[in-house]
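Working notes, beginning with the structure itself.
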Amino acid sequence: MTPADITGTSCSRALDSDCGAGVGKSVLLGMSGGVDSSVASLLLRRQGWQVRGLTMITHDGGFAAAEDARAVCDTLSIPLLVVDVREAFRRLVVDDFISAYLMGLTPNPCIRCNPAVKFSLLIREADRLGCSAIATGHYAGIRRNPATGRLALLKTPSGRKDQTYFLHRLDQSQLNRLTFPLEGLQKPAVRQIAAEYGLSGQDGSSLAVKPDSQDICFIPDGNYTDFIRRELLRHGPSDALKLTEPGKTVDINGKTIGSHQGLIHYTVGQRKGFQVRTTDRLFVIGMELSSNTLIVGPYEQVLKKQIRVGEIVYSGAESFKAGDRLLARIRSSAREMPCQVEPEPDGDLAVTFEQPVSAPSPGQSCVFYDRDLIMAGGIIRMS
RNA sequence: UGGGGUGUAGCCAAGUGGUAAGGCACGGGACUUUGACUCCCGCACUCGUAGGUUCAAAUCCUGCCACCCCAG
């Protein structure tokens, strides 16, 4: 679809015509106030859907974005529902985020939020409002895996913006109601649509040039370590505070070669932020919580051929059997790498990569693809 | 005030006569709905200091200063 399809003289007719996938049906669209979900609302209407918007307030700083969503909905005459989910978000996402760091993990709060808060709220409200479908402005698609009949997220072709990694924990019932209007589009095209349609935020500024969201939404200044420390102090003294305080940095042989600022500042594979007496470029290869020690080493020591992945959510696959060959992505921006999986008795997966991968970080997600479909995904365990 | 050692960027540090490596930190940018990684660009007209030797000195010589160690 080109922008011309929804703008110009044919636009108004197309927007409210009764042809398209959504004719006679209503959809509840998650709207963040950003350009993606705003353009998604346009596209849904063009498909004939009766669109309702839902904006969720996840944290104290979330009200401004809601105003932008309101502005868009006013422009397009879309009814908008704003729901305050701060309590649930704190319980299901923020608390998990903090406790993960206190276990030496590197959590990905967006991945926890999607199934537990964002999409479960969309489903709940869609049911309440009588909407048959839900939608968001993510860059992703959904397909049924012919081999199993199960629904799976469809990855965007490589080189484009693909957000399936963040959505991999959605379950079948969530995928079953979901549609992604932005599937197949690229970001520049979406911005162009916003520009041509003149979408603007609450203050009148163009959504077409609104920056992408980034960083952790509930930590606007980006300083997550300060955030964790503040939260810990709020609950009074505790042993956990030790992890926010400086300690020693050692090499793989246990020899002390410097110091660090507090273990919550680090993640496996990180190369900066610790003070060490050396001329080499060193990376975090692990940490020891009990002694507040950071372990670092040269790049080779950060390469791993085997990892263990837990908390598996199966999508396109119903299960795996030993020796299944897949492609796995161990971070949002990484390429998928060929691997073999072997289910463990406890439900975890032992994963062996064909080639060593760089710095799999415990707490981050490992998502398994078969070609372009997500088969399953889970959380990387401590090695 | 006898002996030995060391002084190179905010920190660590290579360099022993030929025109200041590298790592951390720092600043700017790209990438990015997590944390990271990665990639660009910048960062000592100068090597404690004052002289000397040399076509050429961080490198050799001398004085001075500072710090460290060992002795009394």
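No experiment lies behind these values; they were computed from the predicted model shown. Note on naming: letters A, B, ... go to the chains in the order of the sequence lines (proteins, then strands), and numbering restarts at 1 for each one.
A distance of 6.0 Å or more separates the ring centres of A:F180 and A:Y139.
Contacts of A:D36 with the nucleic acid, taken as non-hydrogen atoms under 4.0 Å apart, are absent. Heavy atoms of A:K161 sit under 4.0 angstrom from primed sugar atoms or phosphate atoms, though from no base atom.
Considering only side-chain atoms of A:Q163, the nucleotide from B:U33, B:G35, B:C37 that sits closest is B:U33. The side chain of A:T279 approaches B:G22 more closely than any other nucleotide in the set B:G22, B:U33, B:G35.
The side chain of A:R331 contributes no N or O atom lying less than 4.0 Å from OP1 or OP2 of B:A36.
Figure legend. B:U1 is base-paired to no nucleotide; pairs are counted as Watson-Crick or G-U wobble with both atom distances under 3.5 Å. Base pairing analysis places B:G35 opposite nothing; no Watson-Crick or G-U wobble pair with both distances below 3.5 Å involves it. For B:A66, the paired nucleotide is B:U6, the pair qualifying as Watson-Crick or G-U wobble because both relevant distances are below 3.5 Å.
Anti is the glycosidic conformation of B:C41, whose angle departs from 0 by more than 90°.
Checked options A:L44, A:L29, A:I134; the residue passing with A:T179 is A:L44 (criterion: side-chain contact (heavy atoms from CB on, under 4.5 Å)).
In the interface, the side chain of A:S361 is paired with the base of B:G35 through a donor and an acceptor atom under 3.5 Å apart. Counting atom types as modelled, A:S332 pairs no side-chain N or O with a base atom of B:U32 as donor and acceptor under 3.5 Å. You won't find any donor-acceptor pair under 3.5 Å spanning the side chain of A:Q214 and the base of B:U34, going by distance alone.
In this structure, CE in A:M287 is found 8.5 Å from NE2 in A:H260, a value given to the nearest 0.5 Å.
Mapping A:P360 and A:F283 onto RNA chain B via the closest heavy atom, the residue that lands nearer the 5' end is A:P360.
With salt bridges taken as basic N to acidic carboxylate O contacts below 4.0 Å, none links A:D36 and A:K161.
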